[in-house]
Amino acid sequence: MPELPEVEVIRQGIAPMLIARTIIRVKSSGLALRLPIPRTKIERYIKDQPITAVRRRAKYLLVNMANNAALIIHLGMTGRLGMFRADQSPAPHDHLCCLLDNGLELRFNDTRRFGSIQVLPPDSDEGHFFAALGPEPLGDDFTVDYMQNRAGKRRQPLKNFLMNSHVVAGIGNIYANEITFAASISPTRTVNKISRREWQTIITSTREILQKAIAAGGSTISDFINAGGKPGYFQLQLRVYGRAGEPCPICGTAIEKTSMAGRATFWCHHCQH
DNA sequence: AAACACCCCTGCGGGC
DNA sequence: TGCCCGCAGGGGTGTT
């Protein structure tokens with residue numbers, strides 16, 4: 001369940017090991033992820049090209065190549081990236097293995113195959129690929145004006161709105177729960193009834209929680225070799241997610257669990273309005 | 001247009 | 001003990 005902070009930590013971990021390296025051989029499981037693995041495009045545009053950058057947009061990782069092609073990786077629910085020595089035996093659910101010119105192998109492992117691997121050919125329009133995505137929550141475009149405009153007269157509950165990647169990118173179920181709790185606003189509140197002041201609180205809480213999670217992950221993942229995507233991330237204390245029936249860390253009231261848009265929702269009825 | 005339901009997939013844990 | 005079922009949730013598509 002990597003969300004934005006986890007993807008960012010993985011990016012920071014693998015970037016130094018990938019930049020200036022070249023993928024010289026690729027193996028895949030033959031099983032499709034959410035999309036089929038584009039073997040032909042990988043061979044044509046990705047292989048034998050020096051890697052120039054490893055970036056992130058929302059929960060997508062972008063591996064940029066010297067020919068201006070890009071490999072776009074999404075981890076879905078259970079996706080992991082790890083660096084291994086080439087002689088280490090592959091694990092179950094390894095779906096793509098990229099051998100580098102230094103003998104290390106980048107492996108994408110995904111039990112449930114909700115992830116995806118895509119290729120942007122050289123000089124294709126990256127902006128177009130991400131056109132439907134809302135702003136980065138840690139970027140300058142995530143503002144009170146923007147959120148209030150997007151909310152408009154919509155009567156969608158706040159939590160569902162925060163999880164809508166077309167509104168703001170990269171916030172999944174776990175952090176949506178934590179954000180509404182930190183902002184002391186009910187996840188069920190309809191967004192047309194949220195004040196400017198409350199939007200400011202939501203934005204501030206979002207940034208704080210995501211940045212804290214990134215910092216916690218960054219401090220716990222020190223060695224990506226053999227890590228295999230070992231979660232270094234959930235060191236961040238989750239205050240409501242997964243804590244149904246436990247006392248609210250602020251007031252002691254039992255945390256409630258409900259379902260919203262088919263997703264587990266945890267909140268404190270006393271603290272969040 | 002907005003807000004849903006549904007689907008893809010596997011592993012795990014609870015209940016019986 | 002073993003089996004069945006519900007649940008976990010990102011993101012795309014389809015429906016009302």
Side-chain angles (χ1 to χ4, degrees), chain A residues 1-11 28-38 56-62 72-81 90-96 108-118 128-137 147-180 186-194 206 210 213 228-231 233-234 236 238 240-245 255-267:
Chain A
M1 50 191 106
E3 294 196 27
L4 185 153
E6 290 75 43
V7 176
E8 176 60 23
V9 168
I10 290 167
R11 187 195 69 76
S28 65
S29 67
L31 291 175
L33 306 175
R34 188 166 58 75
L35 304 168
I37 295 175
R56 178 189 61 76
R57 173 77 170 97
K59 297 175 190 168
Y60 292 90
L61 280 170
L62 293 95
I72 301 183
I73 300 169
H74 196 292
L75 300 175
M77 267 293 297
T78 52
R80 298 167 168 222
L81 283 172
H93 309 297
D94 276 351
H95 294 295
L96 187 71
F108 177 89
N109 183 285
D110 188 0
T111 306
R112 290 174 64 183
R113 291 190 271 131
F114 278 25
S116 65
I117 296 195
Q118 291 165 273
H128 183 259
F129 184 89
F130 294 113
L133 281 182
E136 288 289 316
M147 290 300 274
Q148 201 161 43
N149 282 340
R150 288 302 300 262
K153 294 177 180 172
R154 292 170 73 157
R155 282 182 284 190
Q156 192 174 32
L158 172 62
K159 174 164 172 274
N160 302 357
F161 191 70
L162 289 175
M163 289 177 67
N164 183 346
S165 65
H166 303 286
V167 173
V168 55
I171 299 175
N173 193 46
I174 293 172
Y175 288 105
N177 279 292
E178 295 298 311
I179 289 164
T180 58
S186 166
T188 65
R189 179 94 76 81
T190 54
V191 293
N192 62 333
K193 299 233 172 87
I194 292 177
T206 300
L210 296 179
K230 179 166 46 179
Y233 37 97
F234 293 121
L236 180 78
L238 299 177
V240 288
Y241 183 84
R243 296 188 178 276
I255 298 295
E256 289 181 44
K257 181 181 181 183
T258 56
S259 180
M260 294 177 62
R263 297 285 185 262
T265 303
F266 301 87
W267 62 298

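Bear in mind that the values here come from a model prediction, so they are computed numbers and not experimental data.
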Tell me: [atom1] of [X] to [atom2] of [N], nearest whole Å?
| X | N | atom1 | atom2 | value |
| --- | --- | --- | --- | --- |
| A:Ile117 | C:dG10 | CD1 | P | 19 Å |
| A:Asn164 | C:dG10 | CG | C1' | 12 Å |
| A:His166 | C:dG10 | NE2 | C1' | 11 Å |
| A:Arg112 | C:dG6 | CZ | P | 15 Å |

Return the [atom1] to [atom2] distance between [X] and [Y], rounded to the nearest 0.5 Å.
| X | Y | atom1 | atom2 | result |
| --- | --- | --- | --- | --- |
| A:Leu31 | A:Arg113 | CG | CZ | 4.5 Å |
| A:Glu178 | A:Leu238 | CD | CG | 4.5 Å |
| A:Arg150 | A:Gln156 | CZ | CD | 10.5 Å |

Quiz item: Going by heavy atoms closer than 4.0 Å, what residues in residues 255-263 of chain A are next to DNA chain C?
Solution: A:Lys257, A:Arg263

Self-check item: A:Thr206, A:Thr265, A:Val240, A:Leu158 screened by side chain to side chain contact (heavy atoms under 4.5 Å, CB included) with A:Thr180, the one that passes
Solution: A:Leu158

Exercise. State, to 0.1 Å, how close A:Ala264 and A:Lys257 come at their nearest heavy-atom pair, and which atoms those are.
Key: CB-CE, 3.9 Å

Quiz item: Of all of residues 152-161 of chain A, which get a heavy atom below 4.0 angstrom from DNA chain B, listed by number?
Solution: A:Arg154, A:Arg155, A:Gln156, A:Asn160

Quiz item: Would A:Arg80 and A:Ile10 count as a side-chain contact (heavy atoms from CB on, under 4.5 Å) if you check the C-alpha gap in whole Å, the side-chain angles of each, and the deciding distance to 0.1 Å?
Solution: CA-CA 9 Å; A:Arg80 298 167 168 222; A:Ile10 290 167; over 6 Å; no

Quiz item: So where does chain A start and stop touching DNA chain B, 5' to 3', when the test is distance under 4.0 Å to a non-hydrogen atom?
Solution: B:dA3 to B:dG11

Practice problem: May I have the step-by-step check of side-chain contact (heavy atoms from CB on, under 4.5 Å) for A:Leu62 and A:Phe130, ending in yes or no? | Solution: CA-CA 11 Å; A:Leu62 293 95; A:Phe130 294 113; 3.7 Å; yes

